[in-house]
Structure formats: C-alpha cells, structure tokens
Amino acid sequence: MQLYKNFCKEILDENGRLVDFELDFADNYNFGYDVVDKLAELAPDERAIAWTNENRDKKTFTFSDIGRLSNKAANVFKKYGIKKGDKVLVILKRNYEYWYVAPALHKLGAIMIPATNLLTQSDIAYRVNTANINAAICTPDGNTAEDVLAVASQANTLNTVFVPRRYVFGAVDFTAEVEEASDVFDRVDTKAAEPAMIYFTSGTTGYPKAVEHNHIYTLAHIITAKYWQCVQEGGLHLTVAETGWAKASWGKIYGQWLCGSGVMVYDFDKFSPGKLLRIMEEYKVTTFCAPPTVYRYFVKKGLNKYNLSSLVHLTTAGEALNNEVFDKVYEQTGIHLMEGFGQTESVLMLANLKNTVAKPGSMGKPTPLYDVHIVDESGKELGTDEVGEIVVYPPKDKPQHGIFISYYNNAKLYEKVWTNGVYHTGDTAYRDKDGYFWYVGRADDLIKTRGFRVGPFEVENVIMQYPNVLECAVIGVPDDDRGQAIKAIVKMTDGTPHDKDLENKIKTFCNKRMASYKWIQILEIVDEFPKTVSGKIKRTELKKES
C-alpha cells in the first residue's frame, strides 16, 4: 500500500527520472493518524517491522500491530501527564518499542527528541536543560535508564522516566502499562506546521545544536525512500543507523512506510559485518543503506560469499565514497552504489536518484525539493569546478519543505545560517560540467568517524579538564576503516614532562568521560600551535601536518 501518492504530486520524464515533486497535504497532517492508522486500516496484515537481535530473538509487527500499540502507548503517555508540546527524550537504540513510541508521540503532538544510548550523564543533562525535556523513555539495555534517572534527580524539567521490559526503581514500567492501556485513542488537534521532533547535532564552535522539525518533515522523506533508496512495496529496507540519529528518520520509518516497504531492524551493540550480512541473507533484504565505512567492511568480508539475490538497490551517505569501494561493491553484487547528501537540518538535498547514472564519489544532483547552489564567502555564485559552500535558495512561489524550522532556544544561530534568506549548509563542494556535486569538506571541521558526526569542541572540552593542559585542538584524519580518526593535539603548561606515558594517560582520562564514538584514537603533544594573527589555531595546517 503506497500511501505516499496521497501526499504529493510528482512528474517523471520519459526515462522514469524524477524531474518535479511537490508535497500536498492537509493543514492537520500527522504521520501517526494519516499514515500509521491508515496503513493499519488498509493493509493491516502487511509487515511493518521485522526485528531481531544478537541473541536471535525475533519479532514481526504488522501495520495493524503498530496502529494498535501506538494508541496504547499514547494512552500511557497521556496517563502520566504528557501532552501536546511536551518534550520527550527517546533513547531506544534499535529496540522494537521505538516503532510504536514514535507514532504515539506524534499522535499526542508531543515533541520527540531521539538520542543515542552512548550519551554520558552530562550529555543527557545538557539536552534536558537545553530543550526543557519533560519525560524520557529509555532502553532496558545497559545503564542508560540509571543515567537518565540520575539526571532526573537533579533540579530540571525532567519528571517522568519510562523503561520497557525491565523493572528499574524510580521508573515507570512501560511494558506493563502498555499491556493494560486501551487501544483506542481519540485524535488530538495537531497541525502539520507545528514542531514534531528535535535532533541534537554536533558543531565545532559550541555544544550540540537542537534542530527542530515539524510534522511535514516526515513527508519530505518520500523522495529519500522512493527515488533514492528505491524501496520496494512489500519489500524490506535496512538502514544501519541507530534510532538516536537523524539517519533513522531517513531510513527506518517515515518514507519507507509511506512507500509500502517494511523495515528490517537488527538490534546490535557491536557491529559485525558477517553477522549483518547473514541477517540480510536470511531476511531477504531488498534495499540497503549505510555509510561507506560499512561497505568497506563488507568488501573485505566478501559480499559475494552471501546469498543476497533479493537485494535490488544500495545507497550510501555520511562520508566521502572512494572509487575502490564503489567498484568492489559492484564487482561483488552487480549493483551500483548510489550516493546522497543531506543534513540533520534537512532531508535529501543531493542524490543519485532512480534511473540516473552515478558518478563514483559524486553526491549527485539536487533533488526537486531544493534549489542548491555553490557560492563563495560573499554569496557570489561560483562556476564549474570552483569550490564553495553548498547553499539552498528558498523557492519563489511555494513553501520550502524538509528544512528545519529552528535551532531550539538559539534564534541567533538560526538567523546566521539563513543569512540574506539563503540557507547555508556549512559544507563545501564543487559542481562539475555535468551538474554533479562533489563533496570537499565541512566548513566548520566537523569530524565524521564510523558514520558518527563529532564536533571537535565536544572532545576539546573534555581534554581541557586534564591537569596541566594549556591548549588543544581536535581534528579528523584519514582512516581506512573509520573514514576519519579523531586526533587530539595538545600543548601542556611549561615544565610539564611529556612522553608516551603522558599521551596514554590523557587519552585514557578523556575516553572514560566521553561516549565511545568520540574517543581519541591519536594524541600528539606539541610545544606550539600554528596560529592566525588573532591568535586562533590554524586547523588547516594541523591537518596538512597529519
């Protein structure tokens, strides 16, 4: 059941390529009611989720199941005082509860704030205080629930913590409450343009930013799923991302269900290419999306050693894709990798879409939702092969959909990225003579490692807590397996003896205080930093020297 056709107008050329696309929806559009409940009505027995974990536990949820469970979950949240506009932190990893919690919160009109379970207590506290979070639902795995409850015991807005499938003192037993709740839920009056979710993203000049999206954002992912990932009606799509990251919205729920595809969920903690390939083989996954790092591991393992005959399309994003990986994947599968580009602040901006020819390493061309250009620092349009910033010009005769509506509690930063009415992505690229965009780098030095995005400031802030550290800078350096490794360059106070033992001590000190994806892989102690006239560290020179 492909509901997406009810919410858009699309124009294809004679070769089946998408040339124009416009969203069409009611003012009160809500994914929970107008997609989930509609699918439960029209395709009740179709598979919405196939879930398994490292212990090989298995569950299948139909659209009828998701409709019923999301109503029950919405009633539980309502019972505990959660209402329209309230902020709810959702740390559910790849736990199956996410797929009915998300539509439940949409139905309530609550603002969902997904987050990774890799966060420390200080990370969680920062999010609670920045977004004035009212409640949280946590994975039963690990110590996440205890960490969130510790934050809730502090003076802040966090009042209620839910935990499924495990009793935790001080938390609400979410599973028991859902079992007892009614599966009937009356529609709440929500509007399409109202806030629906907030994702925290990393920056290099400050703490993570709170990126706010409205309900329309869920529809803007139709192009993502239908014309980039090429999901199949009745098929099974697998995107590797954990639900705490915006990539989950790209590949694990919205566009996929709108296009009638089921979602494959492999709930794991430690990535194993062999295990993931066996899951794809066993469940007959039809479409797959992952960062280039995953494909590098797959190529080493040998994609052709597995029966992936059900696989029809492969996509990648999040890092630069090199030609060797592109060629090896094609050699082992017969499928071309189709690259794309977007941000936490957006949906798919650039892509090699359906029925187009990919250039290995290119992000492709602008999707019909966006008017994308390359400009210099003054805003001047640049020509072929000239490197500049990727910017988006707003449409002249219709609203701009798919781009975030605010940085929550940071109006000045929002105004800055919308300088002169143009959205500045902060990413740099060039456009070739055929109109394909090629990624160059992040203007603000964001580090992309193992598919995660890390802002140097977050790591530098921890380094500066170590005794006798005078200055530091964190950069990303090329790494065959990670894409980029995190390197810290440190200057100690005068008289501090430094040797290999000190380097190891600083790394250990910092890594114990940070989420694992932020861990420092390389640490170097220097006597001086290269600096500008104004005293700023020249990161470009540090990268050249690394």
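On a predicted model such as this, the values are computed, not experimentally measured, just so you know.
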Let me see the working for Asp37 and Lys107 under salt bridge (charged side-chain N to carboxylate O under 4.0 Å, His left out), right down to the final yes or no. CA-CA 10 Å; Asp37 285 355; Lys107 288 178 177 181; 2.7 Å; yes
Would Tyr29 and Thr218 count as a side-chain hydrogen bond (donor to acceptor under 3.5 Å, both in side chains) here? Give the steps. CA-CA 10 Å; Tyr29 164 77; Thr218 64; 2.8 Å; yes
Kindly determine whether Met197 and Tyr217 satisfy side-chain contact (heavy atoms from CB on, under 4.5 Å), including the steps that lead there. CA-CA 9 Å; Met197 65 182 73; Tyr217 171 77; 3.8 Å; yes
Take Gln343 and Tyr423 through the test side-chain hydrogen bond (donor to acceptor under 3.5 Å, both in side chains) and record every step on the way to the result. CA-CA 12 Å; Gln343 301 179 306; Tyr423 174 59; 2.7 Å; yes
side-chain contact (heavy atoms from CB on, under 4.5 Å) assessment of Asp385 paired with Asp432: CA-CA 5 Å; Asp385 295 332; Asp432 70 17; 3.9 Å; yes
Stepwise side-chain hydrogen bond (donor to acceptor under 3.5 Å, both in side chains) test for Thr116 and Glu242: CA-CA 7 Å; Thr116 175; Glu242 190 228 291; 2.8 Å; yes
Go through it in stages, so that I can follow the logic: the residues are Thr419 and Val417, the test is side-chain contact (heavy atoms from CB on, under 4.5 Å), and I'd like the CA-CA distance, side-chain angles, deciding distance and then a yes or no. CA-CA 6 Å; Thr419 301; Val417 300; over 6 Å; no
side-chain contact (heavy atoms from CB on, under 4.5 Å) for Thr316 and Phe326? Distances and angles first, verdict last. CA-CA 10 Å; Thr316 189; Phe326 183 95; over 6 Å; no
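For the atom pair CD1 of Ile486 and CG of Asp479, the computed distance is 10.5 Å after rounding to the nearest 0.5 Å. Going from atom CG of Leu348 over to atom CD1 of Ile222 covers 13.0 Å, rounded to the nearest 0.5 Å. We find the CZ-CG distance between Arg431 and Leu350 to be 10.5 Å, quoted to the nearest 0.5 Å. His313 contributes atom NE2, which lies 9.0 Å from atom NZ of Lys354 (distance to the nearest 0.5 angstrom). Taking CD1 of Ile537 as the start and SG of Cys472 as the end, the distance is 7.0 Å to the nearest 0.5 Å. Atom CG of residue Asp86 and atom CD1 of residue Ile111 lie 8.5 Å apart, to the nearest 0.5 angstrom.
For Asp481 and Arg450, the salt-bridge test fails: no basic side-chain N is under 4.0 Å from an acidic carboxylate O. Taking 4.0 Å as the cut-off between side-chain N and carboxylate O, Lys538 and Glu541 count as a salt-bridged pair. Asp480 and Arg482 are not joined by a salt bridge, as no carboxylate oxygen comes within less than 4.0 angstrom of a charged side-chain nitrogen. Under a 4.0 Å N-O distance rule, the pair Arg187/Asp34 qualifies as a salt bridge.
Each of Glu10, Arg17, Met338 was scored for a side chain to side chain contact (heavy atoms under 4.5 Å, CB included) with Tyr227, with one residue passing: Glu10. With Leu542 as the partner, the side chain to side chain contact (heavy atoms under 4.5 Å, CB included) test is satisfied by one option alone out of Val477, Ile475, Val526: Ile475.
If you check the side chains of Thr130 and Arg127, you find no donor sitting under 3.5 Å from an acceptor. Side-chain contact annotation: Tyr408 with Lys87, donor-acceptor N/O pair under 3.5 Å present. Ser406 and Glu212 share a donor-acceptor pair across their side chains, judged by distance under 3.5 Å alone. Remark: the Ser261 side chain and the Gln232 side chain contain no N/O donor-acceptor pair separated by less than 3.5 Å. A donor atom on one side chain and an acceptor atom on the other are not found under 3.5 Å apart for Gln400 and Tyr370. Remark: the Thr190 side chain and the Asn30 side chain contain an N/O donor-acceptor pair separated by less than 3.5 Å. Tyr199 and Ser249 form a side-chain donor-acceptor contact under 3.5 Å, judged by distance and modelled atom types alone.
Looking at His213, its side chain does come within 3.5 Å of a backbone N or O of Thr344 through a donor-acceptor pair. Judged by distance alone, the side chain of His336 and the main-chain N or O of Val329 form no donor-acceptor pair under 3.5 Å. Of the possible polar contacts, none joining the Asn134 side chain to the Ile82 backbone as a donor-acceptor pair under 3.5 Å is found. Within the 3.5 Å criterion, the main-chain N or O of Gly235 finds no donor-acceptor partner in the side chain of Thr286. No side-chain donor-acceptor contact under 3.5 Å links Glu415 to the backbone of Lys412. Formation of a donor-acceptor pair under 3.5 Å by the Ser70 side chain with backbone atoms of Ile66 is found in this model. A donor-acceptor distance shorter than 3.5 angstrom exists from the side chain of Lys365 to the backbone of Asp434, with no hydrogens or angles considered. With hydrogens and angles disregarded, a donor-acceptor distance shorter than 3.5 Å links the side chain of Glu460 to the backbone of Val474. In terms of modelled atom types and a separation under 3.5 Å, the side chain of Trp99 and the main chain of Lys252 share a donor-acceptor contact. Between the side chain of Thr120 and the main chain of Met514, no donor-acceptor pair closer than 3.5 Å is present.
Ring planes of Tyr295 and Phe298: perpendicular class, angle over 60° (limits at 30 and 60°). The aromatic rings of Trp250 and Trp228 sit perpendicular, their planes meeting at an angle over 60°, well past the 30° parallel limit.
The two residues Ala192 and Ala26 come nearest to each other via the heavy atoms CB-O, 3.9 Å. In terms of heavy atoms, Val151 sits closest to Asn156 at O-ND2, 2.8 Å. Scanning both residues, Ala104 and Ala74, for their nearest heavy atoms gives CB-N, 3.6 Å.
For Tyr393, the OH atom counts as densely surrounded, since its 6.0 Å shell holds more than 12 non-hydrogen atoms of other residues, nucleotides or ligands. Taking a 6.0 Å sphere around CD of Glu324, one finds it holds 12 or fewer heavy atoms contributed by other residues, nucleotides or ligands. More than 12 non-hydrogen atoms from other residues, nucleotides or ligands lie less than 6.0 angstrom from NZ of Lys398.
The aromatic ring centroids of Tyr297 and Phe271 lie less than 6.0 Å from each other. Outside the 6.0 Å centre-distance limit, the rings of Phe288 and His237 are not counted as a close aromatic pair. Under the 6.0 Å cut-off for aromatic ring centres, Trp245 and Phe452 qualify, their centroids lying closer than that. The distance between the ring centers of His106 and Tyr254 falls below 6.0 angstrom. Aromatic rings of Tyr430 and Phe437 (six-membered ring for Trp) have centroids beyond the 6.0 Å cut-off, not under it.
Inter-residue side-chain proximity for Ile198 and Val211 is flagged as unmet; no heavy-atom pair is nearer than 4.5 Å.
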